[in-house]
Peer 1: 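Sending over a structure as structure tokens; questions will come in a sec.
Naming: A, B, ... by sequence-line order, numbering from 1 per chain.
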Amino acid sequence: NDIYNMLIRLHSRHNRADQARGLFFEMQEWRLKPDADTYNALINAHGRAGQWRWAMNIMDDMLRAAIPPSRSTYNNVISACGSSGRWKEALEACKRMTDNGVGPDLVTHNIVLSALKKGSQYLKALSYFELMKRRGISADAVTLNIVINCLVKLGQYAKALDVFNSMREKRGECAPDIVTFTSVLHAYSVCGQVDNCKAIFDMMLSEGLKPNMISYNALIGAYASHGMHAEAFSVFNTLKKSGFRPDVVSYTSLINAYGRSGKPEKAQEIFDMMKGSSCKPNIVSYNALIDAYGSEGKLAEALNVLREMERGGIQPD
RNA sequence: GCGUUUCUUUAUAUUCGC
């Protein structure tokens, strides 16, 4: 049983909801009874796939099987609504949870906040956070990271930095983590302060936090969006030297760095490098390269890339 | 009673309009 639960979780992580569902039926053919963990994992799998209705139906099945939904079950359902962009349904599910006598925990509140953020309801997210404070619910780093990102989306950079600085003072549960630093780095990029992106990155290092792919990619992206291809390329190399394999985001950011610097042939070079790697270009990579040519008026080359993309079986959007 | 562990939540890439 536990093995099936693990396998379903594995499919969930890889966004294979149908495979997860297959296992769910397969285990029952072996006369294994799905337990709460099974249902939770299955709900999670559908949530990640944006199938919030399925997620809800599975919870109903659970009730029919006389397995009471746990806090994790509700959290998974609320999260399923959130990742499908259904913030209203997320709030309703949260209310239903309370009505059914299952109290929300901090994770629940964080899931609601992120559902509001995914639904672009940044102001609502901030009011929800204020409500949490008034109720004496103490936030953790995840909470504050979401708040920072909502403030950035609203263009309230100074307030975002205030939250960041309060996290640095408080430490403990609220100590800035790698997500915090990456968010602040991105905030500086969005408001045009590239130098501070590097400063934040270095601060993260001096705090003893190890950068991951996402933080490297964020720095590459910051340089890229400001047309600083040399700096972007240098971070790309540092990433590789640190033992990471650049992913599709790393490559696409670098393509964009050259595109924005008016160097489509360099962008093409990186694109070819990506094809020679284990990482396949996706539609965003193709779009970045097409735009690199297009913005330099090289329409024939741009069309060539478009044709190559279609030959590769990717539909233009 | 205390601690440890498991599960659920947050950060990065392309174009265009307001």
Peer 1: Does A/R260 place a side-chain N or O at less than 4.0 Å from the phosphate oxygens OP1/OP2 of B/U15?
Peer 2: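 Answer yes for this pair, as a side-chain N or O of A/R260 is under 4.0 Å from OP1 or OP2.
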Peer 1: Do A/F181 and A/F201 make a side-chain contact, defined as non-hydrogen atoms from C-beta onward lying under 4.5 Å apart?
Peer 2: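 Not touching, per the 4.5 Å side-chain cut-off.
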Peer 1: Indicate, yes or no, whether a donor-acceptor pair under 3.5 Å links the base of B/U12 to the side chain of A/N217.
Peer 2: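 Flag set: donor-acceptor pair detected.
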Peer 1: Between the side chains of A/D291 and A/N256, is a donor N or O closer than 3.5 angstrom to an acceptor N or O?
Peer 2: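 Their side chains do not contain a donor-acceptor pair, so the 3.5 Å distance test is not met.
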Peer 1: Can you find a side chain N or O atom of A/K117 that sits less than 4.0 Å from OP1 or OP2 on B/A11?
Peer 2: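 For B/A11, OP1/OP2 do have a side-chain N/O of A/K117 under 4.0 Å.
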Peer 1: Give one of base, sugar-phosphate or nothing for A/D140, where a contact means two heavy atoms less than 4.0 Å apart.
Peer 2: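 Answer is nothing: A/D140 stays at 4.0 Å or more from every strand.
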Peer 1: Aromatic rings A/Y39 and A/F24: how do their planes relate, parallel, tilted or perpendicular, breaks at 30° and 60°?
Peer 2: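 Rings of A/Y39 and A/F24: perpendicular, as their planes differ by over 60°.
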Peer 1: Applying side chain to side chain donor-acceptor pair (under 3.5 Å) to A/S70 and A/T73, what does each step give before you reach the verdict?
Peer 2: CA-CA 5 Å; A/S70 66; A/T73 311; 3.1 Å; yes
Peer 1: Which one, B/U10, B/U14, B/U9, comes nearest to the side chain of A/N287?
Peer 2: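 Of the options given, the side chain of A/N287 lies nearest B/U14.
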Peer 1: Is A/N149 touching bases, backbone alone, or none of the nucleic acid, heavy atoms closer than 4.0 Å?
Peer 2: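 Sugar-phosphate: the residue A/N149, judged by heavy atoms under 4.0 Å, touches backbone atoms but no base.
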Peer 1: When you compare the side chains of A/S250 and A/D247, does any donor N or O come within less than 3.5 Å of an acceptor on the partner?
Peer 2: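 On atom types as modelled, these side chains qualify, holding a pair under 3.5 Å.
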Peer 1: Using a heavy-atom cut-off of under 4.0 Å over every strand shown, decide if A/D247 touches base, sugar-phosphate, or nothing.
Peer 2: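 Here A/D247 touches no strand at all.
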Peer 1: Please determine whether any donor N or O and acceptor N or O are separated by less than 3.5 Å between the side chain of A/N212 and the base of B/A11.
Peer 2: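 Checked by distance alone, the answer is yes.
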Peer 1: Please tell me if A/N256 has a side-chain N or O lying less than 4.0 Å from either OP1 or OP2 of B/U14.
Peer 2: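 A/N256 to B/U14 OP1/OP2: side-chain N or O found under 4.0 Å.
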Peer 1: Mind checking A/T252 for me? I need base, sugar-phosphate or nothing, with any heavy atom below 4.0 Å counting as a touch.
Peer 2: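 Here A/T252 touches the bases of the nucleic acid.
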Peer 1: Please classify the nucleic acid contact of A/S72 as base, sugar-phosphate, or nothing, using heavy-atom distances under 4.0 Å.
Peer 2: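 The answer is base, as A/S72 lies within the cut-off (heavy atoms under 4.0 Å) of a base atom.
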Peer 1: Can you check whether any acceptor in the base of B/A13 is under 3.5 Å from a donor in the side chain of A/N282, or vice versa?
Peer 2: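 Indeed, a donor on one side and an acceptor on the other fall under 3.5 Å apart.
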Peer 1: Can you tell me the distance, in whole Å, between the CG atom of A/L239 and the C1' atom of B/A13?
Peer 2: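 Going from A/L239 (CG) to B/A13 (C1'), I get 13 Å.
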Peer 1: From the set B/U8, B/A11, B/U9, return the single nucleotide nearest to any side-chain atom of A/N76.
Peer 2: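 Comparing B/U8, B/A11, B/U9 against the side chain of A/N76, the answer is B/U8.
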Peer 1: State which of B/U14, B/A11, B/U9 makes the closest approach to the side chain of A/V107.
Peer 2: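 Closest nucleotide to the A/V107 side chain: B/U9.
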Peer 1: Among the candidates B/U12, B/U10, B/U8, find the nucleotide nearest to the side-chain atoms of A/H186.
Peer 2: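 The answer is B/U12.
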Peer 1: Given B/U14, B/A13, B/U8, which nucleotide is nearest the side-chain atoms of A/N44?
Peer 2: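 Output: B/U8.
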Peer 1: Give A/I146 one of three labels, base, sugar-phosphate or nothing, depending on what nucleic acid heavy atoms sit under 4.0 Å from its own.
Peer 2: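 Result for A/I146 = sugar-phosphate.
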